[in-house]
Q: 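Attaching a single structure in structure tokens format; questions to follow.
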Protein chains: 2
Amino acid sequence: MFTPAQYQILTAISRSGTMSRTDLAGVTGLSKASISMLTKELIGRGILGERELVFGQGRPSVLLGLEANAASFVGISLQADPTILLLTDLHGAPRARMELPRRRGHEQCLTELVEALPTLLSRAGQPVGPISGIGIALPGFVSRDRTTCLYSTALGWSNVDIVGYLATLCDIPAYIENDANALILGEQLFGIMRDCPDFSMIAVGDGIGCAHIVDGRLHRGHNGGAGEISHAPVVLDGGTIGALPCRCGKRGCLETVATLQAIRAAARQAGLPSDIAELAQMAQTGRPEALAILHRAASALGIAIAQLIQMFDPSHVVIMLDTALKGEVFGAMVQQTVEAHVMRRPDGQATLYLRDAQKDGFASGAASLAAQQFLFGLDR
Amino acid sequence: MFTPAQYQILTAISRSGTMSRTDLAGVTGLSKASISMLTKELIGRGILGERELVFGQGRPSVLLGLEANAASFVGISLQADPTILLLTDLHGAPRARMELPRRRGHEQCLTELVEALPTLLSRAGQPVGPISGIGIALPGFVSRDRTTCLYSTALGWSNVDIVGYLATLCDIPAYIENDANALILGEQLFGIMRDCPDFSMIAVGDGIGCAHIVDGRLHRGHNGGAGEISHAPVVLDGGTIGALPCRCGKRGCLETVATLQAIRAAARQAGLPSDIAELAQMAQTGRPEALAILHRAASALGIAIAQLIQMFDPSHVVIMLDTALKGEVFGAMVQQTVEAHVMRRPDGQATLYLRDAQKDGFASGAASLAAQQFLFGLDR
DNA sequence: TTTTATAGTTTATCAATCGAAATAAGTGCC
DNA sequence: GGCACTTATTTCGATTGATAAACTATAAAA
């Protein structure tokens, strides 16, 4: 779609919102002459637009920004039932939304998704740009070429060539990604971690997802399995002997203690309410049994994050907590454990960001898969 | 020194040893015409040379290879006392070697190193190319711009601008790096992991070093501390309560169980010989106390490696064992623990490579710091 | 010997980019 | 208001790096 130099410009502007031509020359390393030519074409194609003037000494500079309606993207989250479809613009802002109950077979499921696109488009209040890509976030393993779902317990799919199948149904390019990876890409592109080249994310919900941005790019790992932290051996005091067995066959996995399901199960067993919000409430008021359960989960999570920080040395770690866990208590406990287990470095420490999971986070991340292709080109 | 396209050529040839011009056109994506021009210049400058012909159908192709004497590099290891200086050629082969007792102050230490260079050069039997870079591997933290040693307990240095100081002493460019990082770069450039874009290394000696190659590049982490695995919480059965306290203040760190020092200490306490080779011998003949100590160390290491594989998903993990630990027993125990703790993936597993640490591994890695600059350019 | 296949070179050409000069559009001072 | 000064952006000719296509070289196969 664009030349490498144009992608440089789009990337830079997408990161910082708006930039003058001279700013662009500075960050891209291109000459002002080139920037002039390139931006002229991008403005001509409706991708960039001139914004307000910035006055200083001399001639004021003209800020350039992305035209929100130059293109739109569809993000689809298969992470949970129902499937969520989100239409976003070039700024990553949602413009329309819909839900679909999930079908079993992948053919029916994908066909319905494509058939739903016109409805989705019609729901956008304001006019939007042409759909230039579809991103899909799914729970499971994705092949290295990112066309095929190798295996997904949640969906019951194995070896489904999603990109290939969608290509037979419509001619909008499609991109798939593991759900945690989609989520972190969303944060990197349009979220709080904009422009941050080295950070990790860990998302706690019914499962535990984790992903890394290394050197500005998503680190997928050799088999696309980087970030599989659920089965990290996080043995707490008492050793593995007392720990719960995990479905992976080991004992003491993070998953057996720190997912919502694990917390609920522990609460049930202790005769406490299995509703997490209620449990958190009890903990806040000082009920020791409730506190103990949450503390166990938070400690395990903290230890896993500490291991991650030691090995990876990210500049930031984003901890996405399910809304049920939000509030001061749980987050603080995690933070405390991390701090206790990370060795001090001579020049600073990873910063933790506690965040409540957004309702459409996965779908939004999925949309940013397509946005990423549009704005940065294929190489990323 | 070279244009980006020339670096592409040098990189490709360095990886595979020799390539024909047509091969180069294939892997670099450049046209045959460009390759023709570029190689002509590189041959003219004495960097590349024509090797044997390969006959097939049609005109035979001429293999091109790096001229070993086009340049040489000095690698300096401050990892242990004495300091080791190694002179290597473009193939990474050692051509001269010397040792220096380590001096306390950084000024005296660095000055002596520079003064030793003529001696080092004179010890090369065959003539070598001009020294085009000095690489230094040091135990400790290196600043993000890789000019300064932020802090090193072993050396007793803090905030020493090594690169800046060396620039005042001689005008050969110098590059510094953390010792584990230098070691892995050596493996990537001239060792068994040539051409592998995603792998990790863990080196067990008096300390435990770890480093990662991600996407073909060294992953330093935000504060240059990626790979600090020594203090990974590796709690074994029995929980943290029984675990030894670590100098970092925590309990159950990998370092307290799996370094040579830790193994020696455990042996002493059990009334066994503190010589590791002897201990390994006893374990091999079935002495349970000796086996238990080694098993404890190997398990801890295996768990840490399993955590690493889960989080990073490297294609390979190189385990460098001190020569004292070499032999079947210890390595097999590590391997077993790793396999027990890594979750199966749908498309393959990380491969473990057990390797005996080379005597001059760190110095050789340090030399490859400079070689990397020469062959790949500054961007890597 | 002729044909065919593949490797590498030459040459005319193209597209991206640059440096320098020109132009645009303000501020501040008299 | 007018002039000096500053900074942003555009224009233009020149340069560079890479290319396609035609050409030469050199072998195996027929």
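Each chain gets a letter, A, B and so on, in the order the sequences are listed, and its residues count up from 1.
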Q: Please identify which of these residues, B/Y175, B/F73, B/Y7, meets the ring-ring contact (aromatic ring centres under 6.0 Å, His included) condition with B/F374.
A: B/F73
Q: What is the distance, to the nearest angstrom, from the CZ atom on B/R21 to the C1' atom on D/dT24?
A: 14 Å
Q: Nearest to the side chain of B/A33 - D/dT19, C/dA20, C/dG8?
A: D/dT19
Q: Distance check, rounded to the nearest 0.5 Å: A/L166 atom CG versus A/T168 atom OG1?
A: 7.5 Å
Q: Specify the separation, in whole Å, of atom OH of B/Y7 and atom C1' of D/dA18.
A: 19 Å
Q: So what does A/L30 touch, heavy atoms closer than 4.0 Å: a base, only the sugar-phosphate, or nothing?
A: sugar-phosphate
Q: Look at the side chain of B/S20 and decide which nucleotide, out of C/dG8, C/dA25, D/dA27, has an atom nearest to it.
A: C/dG8
Q: Any non-hydrogen side-chain atom of B/I213 less than 4.5 Å from a side-chain atom of B/C196?
A: no
Q: Measuring to OP1 and OP2 of C/dG8, would you say a side-chain N or O of B/T22 lies under 4.0 angstrom away?
A: yes
Q: Quick one: label B/I35 by what it contacts on the DNA or RNA (base, sugar-phosphate, nothing), any heavy atom closer than 4.0 Å.
A: nothing
Q: In whole angstroms, how far is the C1' atom of D/dA18 from the CD atom of B/Q8?
A: 12 Å
Q: When only distance counts, do a donor and an acceptor, one from the side chain of A/R59 and one from the base of C/dA25, lie under 3.5 Å apart?
A: no
Q: Touch check for B/S61, heavy atoms < 4.0 angstrom, all strands: base, sugar-phosphate only, or nothing?
A: sugar-phosphate
Q: How would you list, by chain and number, every residue that makes a side-chain contact (heavy atoms from CB on, under 4.5 Å) with A/Q6, sequence neighbours excluded?
A: A/F2, A/T3, A/L38, A/E41, A/L42, A/R45
Q: Polar atoms only, N or O, under 3.5 Å: list the protein pairs with nucleotides 13-16 of chain C and their distances.
A:
none

Q: A/D198: what forms a salt bridge (Lys or Arg N to Asp or Glu O under 4.0 Å) with it, not counting sequence neighbours?
A: none
Q: CG of B/L38 versus P of C/dT9: gap in Å, rounded?
A: 12 Å
Q: B/Q57 has an atom CD; how far is it from atom P of C/dT2, in whole Å?
A: 20 Å
Q: Counting only side-chain nitrogens and oxygens, does A/K32 get under 4.0 Å of the OP1 or OP2 atom of D/dC12?
A: no
Q: Mind telling me whether B/H212 and B/F312 have parallel, tilted or perpendicular rings, with 30° and 60° as the class edges?
A: parallel
Q: Nearest-Å distance, CD (A/E52) to P (C/dG26)?
A: 15 Å
Q: Please compare A/S34 and B/M37 by the position of their nearest nucleotide in DNA chain C and report the one closer to 5'.
A: B/M37
Q: Over how many whole Å does the gap from B/E41 atom CD to C/dT9 atom P extend?
A: 14 Å
Q: So, the side chain of A/E187 versus the backbone of A/I192: is there a donor-acceptor pair under 3.5 Å, distance only?
A: yes
Q: Whole-Å distance between D/dG17 P and B/F2 CZ?
A: 15 Å
